Amino acid sequence: MHPRPSLSLLPRFCTFLPFATMSSKTNTFHLEQPLNYRAGARIQPVDGSHSEEVYEPATGRVLGKFLFSGEKEVDLAVQSAKAAFKIWSQKSGMERSRVLLEAARIIRERREEIATMETINNGKSIFEARVDVDISWQCLEYYAGLAGAIAGQHVQLPGGSFAYTRREALGVCVGIGAWNYPFQIACWKSAPALACGNAMIYKPSPLTPISVVMLAEIFTQAGVPNGLFNVVQGGASTGQFLCQHRDVAKVSFTGSVPTGIKIMEMSAKGVKPVTLELGGKSPLIIFSDSVLENAVNGALMANFLTQGEVCCNGTRVFVQREILEAFTEEVVKRTQKIKIGDPLLEDTRMGALISRPHLERVLGFITQAKEQGAKVLCGGELYVPDDLKLKNGYYMRPCVLGNCRDDMTCVKEEIFGPVMSILPFDTEEEVLERANNTTFGLAGGVFTRDIQRAHRVVAALQAGMCFINNYNISPVELPFGGYKMSGFGRENGRAAMEYYSQLKTVCVEMGDVESVF
Ligand SMILES: NC(=O)c1ccc[n+]([C@@H]2O[C@H](COP(=O)([O-])OP(=O)(O)OC[C@H]3O[C@@H](n4cnc5c(N)ncnc54)[C@H](O)[C@@H]3O)[C@@H](O)[C@H]2O)c1
Ligand SMILES: C[N+](C)(C)CCCC=O
């Protein structure tokens, strides 16, 4: 583990109100500086259409306001990125690698500061936010390692002629992110993009606009050319201007299926490649021969990280009937013990959901589940912490639903909140049929001690990311992405390099040209 920096390193672009306590900085941050980043500096957009409030989910307090960018600002960001691309794409892989390694080092150094900001703006526990930051610098280190290994192929042809391939950058790439992992998603997109020699313009979710600007500052400090990584803030219309811009070469999107479809339609008009990391309703299958404690731990990991707001969560928990009672009893006991509250406190394990409307939407799914016959085994209601400053925060108790059927809304739709549905099953054949009976295909998991069954089951699962005897771990070396309506393309692993580069074939004639004419 790396040493934590002292609190004196806390944000250089904000103030903390004077009533900060020793135990937590919740309720103290105030946003002051602009959140767009262009040509190596924070700026206000030239055509800011309207200002939007940004909230602290833990308290419901407004942190400040920021401006949505219009078409002109998007164009300026693209021009700035184009200029930087000319410089960066000419550098060798090793030169790019050194800059990415330096950026990774700075992220490690500012770990506590970034994690604190992520917690303040997203509501997740500081414990988890630190893990997100660690995954982020590891991602930069990983792609720094691959940058120097980018190479083509040499092919011998008749008569001494030959051909070779060059793996080249695409140009200006656009990254559009969701609010659940704001800093990490930006790193998952920018690290491979920059390693391959591209420039990137990033648009975070308007709910979490803050931490990605810290990443932009870090890239500049590490030595990327000004303009190589720009941040444009805004919502759907800003995203559309980015996707439709003629000088944008590629769009990598993380978000919901409906928005993913729109992104694909827009990109189709410009014949732009897209990576789509979309939603899920993933199955977690627990056979009766599982180590019960591991299966329970796996189910908690599959459902309750980041208040359940995780795309790859295994929210349909299929449990073989023989162990249904024992598993359910233990999972409920453990869920009831989850410490909810001030996300900046060290022992908190579940913070606040992202927004009041989202909290209400999640609670609405639970009401509907009850109406459709599900039984709330624990949680599922609002949680109001004792601490008065948190009373307007967006908290709920994590929920386990029993008596579930495959046709219920809570089992079919992505809830994106801390709600686990338990579904009994009898046979392997039956559970596979039911697990795959969804339009999503992001992830899936199986717990069993039978090694042959484990591999047979994951081979049959229609999902891009499968886990055997664990769930939701995410080493950056592993490709991540979906099947079916959960999207296509991959982030992380070597695979992502393919999605941020293109192949040029150069055919070289060493003899005379024989014409057929
Ligand atoms: N597969 C993954 O890796 C992954 C990771 C995190 C979240 N998600 C998914 O994201 C969803 C939750 O995130 P969300 O609510 O921010 O999703 P969303 O689709 O509402 O928004 C995602 C991003 O798209 C932008 N956007 C919205 N409309 C747009 C348009 N017409 N053109 C261009 N950009 C547009 C938003 O401003 C935001 O930045 C869930 O479905 C979740 O499963 C997937
Ligand atoms: C880091 N996790 C938990 C695998 C989440 C990946 C991003 C999905 O929302």
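Quantities reported herein were computed from a predicted structural model and do not represent experimental measurements.
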Donor-acceptor pair, side chain of Gln502 and main chain of Ala169, under 3.5 angstrom: yes
Glu52 versus His50, side-chain donor and acceptor atoms under 3.5 Å: yes
Closest non-hydrogen atom pair, Cys243 against Ile263: SG-CD1, 3.8 Å
Heavy-atom check, side chain of Val133 versus side chain of Ile107, under 4.5 Å: yes
Donor-acceptor contact present, side-chain Gln233 to main-chain Pro209, <3.5 Å: yes
Atom pair OG1/CD1 of Thr220 and Ile106 - distance to nearest 0.5 Å: 9.5 Å
Any side-chain heavy-atom pair of Val99 and Lys91 under 4.5 Å: no
Pairwise side-chain contact, Asn492 with Leu478, heavy-atom cut-off 4.5 Å (strictly under): no
Side-chain heavy-atom pair Thr208, Ile354 within 4.5 angstrom cut-off: yes
Side-chain donor-acceptor contact under 3.5 Å, Glu56 with Thr26: no
Charged N-O contact under 4.0 Å between Glu217 and Arg42: yes
Electrostatic pair Lys262-Glu265, nearest N-O below 4.0 angstrom: no
Distance in Å, Cys410 SG paired with Met420 CE, rounded so as to fall on 0.5 Å steps: 13.0 Å
Test item: side-chain donor near acceptor, Lys250 and Thr275, under 3.5 Å: yes
Shortest non-hydrogen separation from Val476 to Ile135 and the atoms involved: CG1-O, 3.6 Å
Pairwise distance CG(Leu305) to CG(Asn472) - rounded to 0.5 angstrom: 5.5 Å
Flag side-chain contact, heavy atom, 4.5 Å: Cys196 against Leu146: no
Close side-chain approach of Asn313 and Leu442, heavy atoms under 4.5 Å: no
Ionic contact status for Glu309 with Lys124, cut-off 4.0 Å: no
Met485 atom CE, neighbour heavy-atom count above 12 within 6.0 Å: no
Glu414 (side chain) donor-acceptor with Gly279 (main chain) under 3.5 angstrom: no
Gap separating the OH atom of Tyr499 from the CG atom of Leu170, nearest 0.5 angstrom: 12.5 Å
Enclosure of Arg494 CZ (heavy-atom neighbours >12, cutoff 6.0 Å): no
Test ring-ring contact (aromatic ring centres under 6.0 Å, His included) applied to Trp88 and Phe229, step by step: CA-CA 11 Å; Trp88 184 248; Phe229 184 81; over 10 Å; no
Asp47 side-chain N/O to Glu71 backbone N/O, donor-acceptor pair under 3.5 Å: yes
Distance-only side-chain donor-acceptor flag, Asn392 / Arg356, under 3.5 Å: no
Ser486 side chain vs Gly441 backbone, donor-acceptor pair below 3.5 Å: yes
Phe127 atom CZ, over 12 foreign heavy atoms within 6.0 Å: no
Shortest non-hydrogen contact from Cys187 toward Ser136: SG-CB, 3.6 Å
Flag side-chain contact, heavy atom, 4.5 Å: Pro206 against Phe66: yes
Flag side-chain contact, heavy atom, 4.5 Å: Pro385 against Tyr395: yes
Side-chain ion pair, Glu102 and Arg98, N-O less than 4.0 Å: no
Ser252 side chain to Tyr500 side chain, donor-acceptor N/O pair below 3.5 angstrom: yes
Cys311 to Phe416 - nearest heavy-atom pair and separation: N-CE1, 3.5 Å
Ring centers of Tyr181, Trp188 separated by less than 6.0 Å: no
Donor-acceptor pair, side chain of Gln307 and main chain of Ala352, under 3.5 angstrom: yes
Heavy-atom closest contact (Ala199 atom, Ala81 atom, distance): CB-O, 3.5 Å
Pair Asn36, Ser69: side-chain N/O donor-acceptor within cut-off below 3.5 Å: yes
Matching residue for Leu194 among Lys189, Met200, Arg96 - test: side chain to side chain contact (heavy atoms under 4.5 Å, CB included): Met200
From CD (Glu413) to OG1 (Thr439), nearest 0.5 Å: 9.5 Å
Side-chain donor/acceptor of Asn303 to backbone N/O of Gly314, under 3.5 Å: yes
Phe467/Ser282 under side-chain contact (heavy atoms from CB on, under 4.5 Å): CA gap, chis, key distance, verdict: CA-CA 11 Å; Phe467 300 92; Ser282 301; over 6 Å; no
Any donor-acceptor N/O pair, Lys72 side chain to Gly48 backbone, under 3.5 Å: no
Check against salt bridge (Lys or Arg N to Asp or Glu O under 4.0 Å), Glu73 and Arg38: CA-CA 9 Å; Glu73 180 58 36; Arg38 171 159 50 82; 2.7 Å; yes
Lys339 NZ: over 12 foreign heavy atoms closer than 6.0 Å: yes
Ser97 side chain to Gly93 backbone, donor-acceptor under 3.5 Å: no
Interatomic spacing from CG in Asn122 to CG in Asp132 - rounded to 0.5 Å: 8.0 Å
Heavy atoms of other groups near Lys484 NZ, more than 12 under 6.0 Å: yes
Considering all heavy atoms, the nearest Arg349-Glu128 contact: O-OE2, 4.3 Å
Ion pair check, Glu118 and Arg130, cut-off under 4.0 Å: no
N-O pairing of Arg108 and Glu141 below 4.0 Å: yes
Neighbour count above 12 (heavy atom, 6.0 Å) for Asp347 CG: yes
Check: Cys173 main-chain N/O paired with Asn198 side-chain donor or acceptor under 3.5 Å: no
